[in-house]
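The block underneath contains the structure these notes are about, expressed in structure tokens.
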Amino acid sequence: MLNKKLEQNISELKVNFFKNGWCEIKPELIGFSNNISDSISRIKESEYQLSAKNLGIFSLPQNKINSHKIFNQIIKNASLINYVEIITGRRLEISCIMQMLTIGKSKSLKWHRDSYLRGNNFIGPIPQVVKLMILNKTVKNQDGPFQVISGSHILDFNNKVFDKILPFIKMRDIKSFSCKKNTCILFDGRILHRRLFSTKKAKRSVTIISLTSPDK
């Protein structure tokens, strides 16, 4: 019975991922727990650096990520890789981990894709990057939630102007992740997404895991 439920869950996740460009995975299925989120949340704010690229939020430098055992534990998490490979139908490996922290007010990021075609140039890894976002704390609207435009990963006309118009055309398909702690969101790097603005009361901690196809 458990296997049938698991198979049904995987089948639904596959459909959601390929149709919408994202899906939400139960954390226990990929080896995540409150203990992991709590360990990440305990990292001192003084270790973070202000990220100009991300419009006023903080990021943990790569050398700090390498020094914390919890991130090494994530890299060695075979359940995560296996489950994501089943959903995406691709062989994958972790290529990067980012740890982001929002404290107080910040501006919204622009709608953007992480993998896209411009002219004859493909920006980003080929095939496209897949990302897994873990919310280490409950995220409310005031905290600057992550947003995606469902289905936009298959609506890329190689045009920056179109990408600026699409959020207005597909307004009903905007999904905002104001979610509980330990929510895990898997998304296609081609999907239009952004982080919404945050207020002065904001406190948001997210871990973003990038997965790409190995060279060999």
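All values below were derived from every heavy atom in this structure, side-chain atoms included, with hydrogens, water molecules and symmetry-related copies excluded.
- Contact of the I103 side chain with the Y48 side chain is not registered, since no non-hydrogen atoms from C-beta on lie closer than 4.5 Å.
- Note that CD1 of I75 and CD1 of I94 are 6.0 Å apart. Values are rounded to the nearest 0.5 Å.
- Here the closest non-hydrogen pair linking I25 and Y83 is CG2-CE2, 3.8 Å.
- For S67 (side chain) and K64 (main-chain N/O), a donor-acceptor pair under 3.5 Å exists by modelled atom type.
- Within the 4.5 Å cutoff, the side chain of L132 has no heavy atoms near those of the I208 side chain.
- Between V139 and F177, every side-chain heavy-atom pair lies at or beyond the 4.5 Å cut-off.
- Interatomic distance, OG1 of T88 versus CG of D188, reported as 9.5 Å (0.5 Å rounding).
- Follow the hydrophobic side-chain contacts under 4.5 Å out from F168 and you reach I174 in the same cluster.
- Exactly one of S39, S205, S41 qualifies for a side-chain hydrogen bond (donor to acceptor under 3.5 Å, both in side chains) with N136. That residue is S205.
- Between E45 and K203 there is a salt bridge, since at least one side-chain N of the basic residue sits less than 4.0 Å from a carboxylate O of the acidic one.
- The closest side-chain heavy-atom distance from I185 to I134 is not below 4.5 Å.
- Judged purely by atom type and a 3.5 angstrom limit, N20 has no side-chain atom pairing as donor or acceptor with the backbone of F17.
- A single hydrophobic cluster is not seen to contain both M100 and F197; linkage of ILVMFWY side chains at heavy-atom distances under 4.5 Å, directly or through other members, places them apart.
- Residues V148 and M171 do not share a hydrophobic cluster, clusters being chains of Ile/Leu/Val/Met/Phe/Trp/Tyr side chains in contact below 4.5 Å.
- No donor-acceptor pair under 3.5 Å is formed between the side chain of D143 and the backbone N or O of R204.
- N77 places a side-chain N or O within donor-acceptor distance of the main-chain N or O of I30, the cut-off being under 3.5 Å.
- For R113 (side chain) and S152 (main-chain N/O), a donor-acceptor pair under 3.5 Å exists by modelled atom type.
- From N120, atom CG reaches atom CG of N158 across 8.0 Å, with rounding to the nearest 0.5 Å.
- The two residues N182 and N34 make their nearest non-hydrogen contact at ND2-N, 3.5 Å.
- Looking at K181 and D38, a side-chain N of the basic residue comes within less than 4.0 Å of a carboxylate O on the acidic one, giving a salt bridge.
- Contact check for I191 versus I149: no side-chain heavy atoms found under the 4.5 Å cut-off.
- With a 4.5 Å cut-off on side-chain heavy atoms, S178 and K140 do not count as touching.
- Partner of F187 under the ring pair (Phe, Tyr, Trp, His ring centres under 6.0 Å) criterion, out of F146, F18, W22: F146 alone.
- In this structure a side-chain-to-backbone donor-acceptor pair under 3.5 Å is missing from H112 to R194.
- Few gaps surround NZ on K170; more than 12 heavy atoms of other groups in view lie less than 6.0 Å from it.
- Checking side-chain atoms of R195 against main-chain N and O of K107 turns up a donor-acceptor pair under 3.5 Å.
- Under the 4.5 Å side-chain heavy-atom criterion for Ile, Leu, Val, Met, Phe, Trp and Tyr, I123 and V161 are members of distinct hydrophobic clusters.
- Looking at S198, its side chain does come within 3.5 Å of a backbone N or O of G104 through a donor-acceptor pair.
- Shown here for L101 and I57, the closest heavy-atom pair between the two residues is O-CB, 3.6 Å.
- Only one option out of V129, L211, N82, L80 pairs with L92 in a side chain to side chain contact (heavy atoms under 4.5 Å, CB included); it is L211.
- Between the side chains of S115 and R190, no donor N or O sits under 3.5 Å from an acceptor N or O.
- Contact detail for P167 and D163: the closest heavy-atom pair is CD-O, 3.1 Å.
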Kindly determine whether Q128 and H153 satisfy side chain to side chain donor-acceptor pair (under 3.5 Å), including the steps that lead there.
CA-CA 10 Å; Q128 73 277 5; H153 64 305; over 6 Å; no
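- At a threshold of 4.5 Å between side-chain heavy atoms, the hydrophobic network of Ile, Leu, Val, Met, Phe, Trp and Tyr places L196 and L109 in two separate groups.
- Residue H68 forms a side-chain hydrogen bond (donor to acceptor under 3.5 Å, both in side chains) with just one option from E47, Q73, R42, and that option is E47.
- No donor-acceptor pair closer than 3.5 Å links the side chain of T183 to the backbone N or O of C179.
- Proximity of I36 to I70: side-chain heavy atoms (C-beta onward) are separated by under 4.5 Å at one or more points.
- Rounded to the nearest 0.5 angstrom, I209 CD1 and F71 CZ are separated by 9.0 Å.
- Atoms SG and NZ, from C184 and K26 in turn, are 12.5 Å apart once rounded to the nearest 0.5 Å.
- Atom CE of M133 is separated from atom CG of L186 by 11.5 Å, given to the nearest 0.5 angstrom.
- Proximity of L60 to M98: side-chain heavy atoms (C-beta onward) are nowhere separated by under 4.5 Å.
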